[in-house]
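Each remark here refers to the structure printed beneath this line.
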Amino acid sequence: DRALLARAITLVESSSKTRRDEAREILEALAPKAGGSLRVGVSGSPGAGKSTFIETLGMRLLRAGKRVAVLAVDPSSAVTRGSILGDKTRMERLSREPNCFIRPSPSAGALGGVTRKSRESIVLLEAAGYDVTLVETVGVGQNEIAVRSMVDFFLLLVAPGGGDELQGVKKGVVEIADAIAVNKSDGDLKAAADRARQEYANALHYLAPRSRSWAPRVFQCSAVEDEGVADIWENVLEFELNAKADGSFERRRREQAIEWTLGVVEDELLREFRENDVVQNALPVIKERARKGDLLPGAAAEELLRLFRDAR
């Protein structure tokens with residue numbers, strides 16, 4: 001029931017106090033039915049062609065008989081906190097397929113290229129029976145680390161022709177990638193894509209390997225022409241087979257469960273802090289003192305934390 005699934009995701013994404021217990025009850029009931037999909041994160045700077053790549057890959061997977069879920073995270077405005085949520089428009093063909101479910105969600109200021117409730121959404125998508133979960137991140141370049149803690153395979157998508165190819169994507173993101181794909185390798189950009197692929201291949205050569213059992217590769221592809229996309233998916237399947245054989249697949253998921261636990265603790269502590277009446281009453285005065293320079297930021301933070309601890 002796609003409408004019910006959408007409502008369930010809306011429920012777990014809600015920040016309402018009255019809906020948290022209901023969301024937790026749903027997640028606990030569905031958790032035993034989750035875990036069956038292959039989770040693939042797709043990240044890259046704006047303009048790398050993430051949505052087009054996901055649509056092309058998604059259509060291929062559907063033709064192969066897979067049920068595909070796409071969790072697409074759009075950046076929220078720092079001013080209005082709103083989000084365009086245009087991924088369904090960009091993935092027009094995929095959004096019409098009955099065996100594909102696309103869920104655009106706002107980042108709501110969360111770092112890491114994902115939302116604070118992305119893990120919970122993945123549980124719901126897997127419980128609904130989707131075989132492959134594709135997580136498209138915001139693509140801010142430097143803060144994509146969080147998505148690595150919730151997917152099995154992390155693909156970094158880059159575009160050629162941007163000058164020094166490694167300037168647009170930080171070293172930390174390259175280090176966590178299980179594969180890198182230079183997209184838009186067609187037409188006038190073909191030569192630039194060839195150079196970019198070589199640059200990234202050289203960069204990977206000098207980075208310390210994260211795993212003894214897997215060496216990330218650099219691919220070229222054209223999502224528009226559907227060239228090279230099949231090779232990338234074969235690499236994902238090879239990774240899955242290899243990781244399950246050496247035990248690292250389940251080991252990574254167990255580690256992710258711990259990271260999820262600690263993340264929930266942090267979110268709950270921050271929520272309690274923000275909802276604390278004593279903190280809220282003192283906040284305007286402390287903010288004004290900090291604004292005037294009467295109180296240093298560090299001292300202001302310590303005062304707020306002291307009030308919070310005493311109130312508890």
Side-chain angles (χ1 to χ4, degrees), residues 6-31 34 71-85 103-125 127 135 137-138 140 142-151 172 254-312:
R7 286 170 55 196
I9 294 177
T10 299
L11 178 66
V12 302
E13 288 181 341
S14 173
S15 58
S16 167
K17 288 192 291 185
T18 60
R19 308 191 77 182
R20 272 198 294 267
D21 290 341
E22 189 179 354
R24 187 177 296 112
E25 184 180 344
I26 290 173
L27 286 166
E28 287 176 356
L30 293 178
L71 185 60
V73 183
D74 272 10
S76 295
S77 166
V79 178
T80 66
R81 311 300 291 174
S83 194
I84 295 173
L85 302 179
R103 174 67 182 204
S105 297
S107 63
L111 296 179
V114 290
T115 77
R116 288 186 174 88
K117 297 296 183 178
S118 292
R119 292 181 178 91
E120 286 86 344
S121 298
I122 290 173
V123 168
L124 297 178
L125 292 168
V135 183
T137 73
V138 170
V140 288
Q142 199 167 3
N143 290 314
E144 302 297 288
I145 309 301
V147 72
R148 186 65 180 78
S149 69
M150 61 185 70
V151 298
R254 288 195 296 269
E255 291 169 356
Q256 289 174 347
I258 299 302
E259 292 183 41
W260 185 359
T261 301
L262 296 177
V264 172
V265 170
E266 292 175 3
D267 286 345
E268 285 298 302
L269 284 173
L270 184 58
R271 179 187 61 78
E272 285 187 27
F273 175 82
R274 287 175 170 165
E275 293 177 357
N276 185 276
D277 291 337
V278 175
V279 171
Q280 290 305 310
N281 291 334
L283 192 57
V285 176
I286 293 178
K287 284 170 67 175
E288 185 60 28
R289 290 182 61 194
R291 190 178 291 114
K292 290 180 178 179
D294 297 338
L295 199 61
L296 290 173
E302 289 177 7
E303 177 64 14
L304 288 170
L305 289 170
R306 183 189 66 78
L307 290 170
F308 176 62
R309 286 192 292 264
D310 291 347
R312 298 180 77 218

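Note that the coordinates shown come from a computational prediction; the quantities given were computed from them, not determined experimentally.
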From [X] atom [atom1] to [Y] atom [atom2], the distance as rounded to the nearest 0.5 Å:
X    : Y    : atom1 : atom2 : value
I258 : S149 : CD1   : OG    : 12.5 Å
F308 : Q280 : CZ    : CD    : 11.0 Å
L27  : E22  : CG    : CD    : 11.0 Å
L262 : E266 : CG    : CD    : 7.0 Å

Specify the closest pair of heavy atoms between [X] and [Y], including all atoms of both residues, with the distance to one decimal.
X    : Y    : answer
Q256 : V151 : NE2-O, 2.8 Å
W260 : R119 : CG-CD, 3.2 Å
V123 : A34  : O-CB, 3.7 Å
N276 : A311 : ND2-CB, 3.8 Å

Subject >> Distance-only side-chain donor-acceptor flag, T10 / R103, under 3.5 Å >> reply: yes

Kindly list each side-chain donor-acceptor pair under 3.5 angstrom involving residues 289-307, sequence neighbours excluded, with atom names and distances?
| from | atom 1 | to | atom 2 | distance (Å) |
| --- | --- | --- | --- | --- |
| R291 | NH1 | E288 | OE1 | 2.7 |
| E303 | OE1 | R306 | NE | 3.3 |
| E303 | OE2 | R306 | NH2 | 2.7 |
| R306 | NH1 | D310 | OD2 | 3.0 |

Subject >> Side chain to side chain, I26 and V12, heavy atoms closer than 4.5 Å >> reply: no

Subject >> Flag side-chain contact, heavy atom, 4.5 Å: R148 against E259 >> reply: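 Heavy-atom side-chain distance check fails, nothing below 4.5 Å.
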
Subject >> Flag if over 12 foreign heavy atoms under 6.0 Å of CD, E25 >> reply: no

